[in-house]
Amino acid sequence: MLGVVLIILTLYSALISGTELTFELPDNEKQCFYEELEEGVTFHVDYQVIAGGNYDVDCFVTDPMNNALYEERKKQYDSLTHTTALKGVYKICFSNEFSTFSHKTVYLEFRSGDDERLLPGMKQTALTQMESTCLSIHEILKVVADTQTKYRLREAQDRLRAEDLNERVSYWSIGQSVIICVVSIGQVLMLKSFFKEKKVTGI
């Protein structure tokens, strides 16, 4: 029975395809990702700007006929769920063209496929205790995976902000040190000039 459950888990993981990536988006640049989907397939898009500027980006999703399915500007994070009406290549684009100097780091998760039941025919037959336990563990693991992703993104964003703040404080400290040295040298030279004997020229 355990072997059957493991096979079903393997088949279930093959029903849903997903991609998770973090990429760099330079200023005045646009990057697009393409996915070929069948008709009637549900796909999910989640994105979040991890670092750069005001943590915002433009996002566009179009269907094979180049019709806009989603269009948001200067968003820090968002998600989209859509069921395809056409078979073909769907395009997801991220634009940082409105920024002239801010480099962005963007997280993207793309999932396609329907969440089929873990055990086929579970409505018709009563589940054994092992099957019920496997279902519970499966649902809990999905929640854990989503929670870990959210905390990982939050940690990365906070770490980058802390590193940026540390860099600014370091530059400020170096600037203050340089100013103090210049002022100290100027004060010493000024004091020395007070004690210099002035030559008196004869008449």
Side-chain angles (χ1 to χ4, degrees), residues 13 15-115 139-176:
S13 62
L15 291 173
I16 301 176
S17 62
T19 301
E20 187 176 352
L21 56 92
T22 302
F23 62 95
E24 303 292 331
L25 185 60
D27 52 279
N28 292 315
E29 290 289 336
K30 180 179 180 181
Q31 290 191 17
C32 294
F33 302 89
Y34 303 86
E35 185 73 19
E36 186 171 359
L37 300 172
E38 298 291 331
E39 181 182 351
V41 175
T42 301
F43 66 88
H44 309 271
V45 177
D46 294 292
Y47 67 92
Q48 179 175 342
V49 181
I50 301 176
N54 293 323
Y55 297 88
D56 54 358
V57 71
D58 295 341
C59 181
F60 312 95
V61 180
T62 57
D63 65 6
M65 302 299 294
N66 208 29
N67 297 318
L69 303 176
Y70 175 88
E71 183 175 346
E72 289 291 341
R73 298 185 180 276
K74 296 187 177 181
K75 295 281 288 188
Q76 294 183 347
Y77 59 89
D78 204 1
S79 60
L80 166 69
T81 300
H82 181 77
T83 302
T84 61
L86 299 171
K87 176 184 177 181
V89 177
Y90 287 76
K91 182 169 64 173
I92 306 169
C93 293
F94 295 91
S95 173
N96 193 28
E97 293 173 320
F98 61 87
S99 179
T100 56
F101 58 88
S102 296
H103 188 87
K104 306 288 176 63
T105 303
V106 183
Y107 165 82
L108 169 66
E109 181 182 7
F110 180 87
R111 302 187 309 275
S112 63
D114 296 326
D115 291 337
E139 295 300 325
I140 292 172
L141 286 177
K142 287 201 298 184
V143 174
V144 169
D146 291 340
T147 304
Q148 285 181 333
T149 299
K150 291 178 182 178
Y151 278 111
R152 188 175 72 249
L153 290 175
R154 186 181 300 176
E155 186 273 335
Q157 192 176 59
D158 292 343
R159 174 167 43 81
L160 290 172
R161 284 181 175 176
E163 290 176 354
D164 181 60
L165 180 61
N166 179 61
E167 185 178 357
R168 293 184 182 185
V169 170
S170 299
Y171 287 146
W172 177 255
S173 300
I174 292 173
Q176 282 188 322

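Worth knowing before you read on, the calculation uses all heavy atoms, side chains too, and leaves out hydrogens, waters and symmetry mates. Quick caveat, the model's predicted, so the values are computed rather than measured.
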*OH/Tyr77: more than 12 non-hydrogen atoms of other groups inside 6.0 Å*: no
*Sulfur to sulfur, is the gap between Cys93 and Cys59 shorter than 2.5 Å?*
no
Working to the nearest 0.5 angstrom, can you tell me the gap between [X] [atom1] and [Y] [atom2]?
X: Leu80; Y: Glu71; atom1: CG; atom2: CD; value: 12.5 Å
X: Glu97; Y: Ser99; atom1: CD; atom2: OG; value: 11.0 Å
X: Asn166; Y: Arg168; atom1: CG; atom2: CZ; value: 12.0 Å
X: Glu35; Y: Tyr90; atom1: CD; atom2: OH; value: 11.5 Å
X: Thr83; Y: Leu69; atom1: OG1; atom2: CG; value: 11.0 Å
X: Leu108; Y: Leu21; atom1: CG; atom2: CG; value: 5.0 Å

Atom of [X], atom of [Y] and distance for their closest heavy-atom approach:
X: Ser95; Y: Val57; answer: O-CG2, 3.3 Å
X: Ser102; Y: Asp27; answer: O-CB, 3.6 Å
X: Glu72; Y: Asp78; answer: CG-OD2, 4.1 Å
X: Lys91; Y: Asn66; answer: NZ-OD1, 4.3 Å

*Sequence neighbours left out, what passes ring pair (Phe, Tyr, Trp, His ring centres under 6.0 Å) with Tyr47? Give chain and number order.*
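Phe94.
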_Pairing residues for His82 by the ring pair (Phe, Tyr, Trp, His ring centres under 6.0 Å) criterion, not counting sequence neighbours_ =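 Applying ring pair (Phe, Tyr, Trp, His ring centres under 6.0 Å) to His82 gives Phe43.
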Would you check if the side chain of [X] reaches a backbone N or O of [Y] as a donor-acceptor pair within less than 3.5 Å?
X: Thr84; Y: Glu38; result: yes
X: Asn96; Y: Pro26; result: yes
X: Gln31; Y: Glu24; result: yes

*asked:* Test: side chain to side chain donor-acceptor pair (under 3.5 Å). Region: residues 51-60. Which pairs qualify, not counting sequence neighbours?
replied: Tyr55-Arg161, Asp56-Lys104
*Got Val41 and Lys87 here, is their nearest side-chain heavy-atom distance under 4.5 Å?*
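No - every pair of side-chain heavy atoms lies 4.5 Å or more apart.
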*For a ring pair (Phe, Tyr, Trp, His ring centres under 6.0 Å) with Phe33, tell me which candidate from Phe23, Phe60, Phe110 qualifies.*
Phe23
